[in-house]
Amino acid sequence: MSEWKLNIIPSSARPILFDEKLCIGCNSCVNVCQVDILVPNPEKGKAPIVAYPGECYYCGCCGMACPTGALELHHPLMNQAKFIPKKEAK
């Protein structure tokens, strides 16, 4: 069996947060991630590792695949804007 080493890429983005109490380490989120930012944790039953946080598309597939609701997707501040309907001139 070959071993590989994971170098986590530093980023200010924190797209996914895991609730360690709810995560069962099933890796469903890892399997559906479209951009492969998640890596299975070598410790059984632990939350996956977010190895490439800056590459997240914020698609939400990981959250939909999680059977326990253990992860939370956090969009960047610039994407959290709320649009207010334009008032018509009187």
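Hydrogens, waters and symmetry mates are skipped; everything else that's a heavy atom, side chains included, is used. Position 1 is the first residue of the sequence, and the numbers go up from there.
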Asker: What's the shortest heavy-atom distance between P48 and C29, and which atoms?
Answerer: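 Residues P48 and C29, closest heavy atoms: CG-SG, 3.6 Å.
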Asker: Listed by chain and number, what are the side-chain contact (heavy atoms from CB on, under 4.5 Å) partners of L17, not counting sequence neighbours?
Answerer: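 For L17 the side-chain contact (heavy atoms from CB on, under 4.5 Å) partners, ignoring immediate neighbours, are H74.
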Asker: Is any side-chain heavy atom of L73 less than 4.5 Å from a side-chain heavy atom of Y58?
Answerer: yes
Asker: Can you tell me how far OG1 of T68 sits from NZ of K21, rounded to the nearest 0.5 angstrom?
Answerer: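 Here the interatomic distance stands at 13.5 Å.
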Asker: Identify the heavy atoms of A65 and S28 that sit nearest to each other, and give their distance.
Answerer: O-CB, 3.6 Å
Asker: Minimum heavy-atom separation for C62 and L38, please, with both atom names.
Answerer: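 For C62 versus L38, the nearest heavy atoms are CB-CD1, 4.4 Å.
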Asker: Between CG of N27 and NZ of K46, what distance do you get to the nearest 0.5 Å?
Answerer: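 Reported to 0.5 Å precision, the distance equals 13.5 Å.
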Asker: Is any side-chain heavy atom of I37 closer than 4.5 Å to one of I16?
Answerer: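 In contact.
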Asker: What's the spacing between C56 SG and H75 NE2 if we round to 0.5 Å?
Answerer: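 C56 SG to H75 NE2: 8.0 Å, rounded to 0.5 Å.
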Asker: Can you name the nearest heavy-atom pair linking L22 to G69, along with the distance?
Answerer: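 Shortest heavy-atom separation between L22 and G69 comes out as CD1-O, 3.8 Å.
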Asker: Evaluate the side-chain proximity of Q34 to C61: yes if any heavy-atom separation is below 4.5 Å, no if none is.
Answerer: yes
Asker: Identify the heavy atoms of P40 and V30 that sit nearest to each other, and give their distance.
Answerer: CD-CG1, 3.8 Å
Asker: Run the side-chain contact (heavy atoms from CB on, under 4.5 Å) test against Y57 and tell me which residues pass, sequence neighbours left out.
Answerer: V35
Asker: Flag yes if V50 and V32 sit in one hydrophobic cluster, no otherwise; membership is Ile, Leu, Val, Met, Phe, Trp, Tyr, and two members link when side-chain heavy atoms are under 4.5 Å apart.
Answerer: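 Different clusters: V50 never reaches V32 through Ile, Leu, Val, Met, Phe, Trp or Tyr contacts under 4.5 Å.
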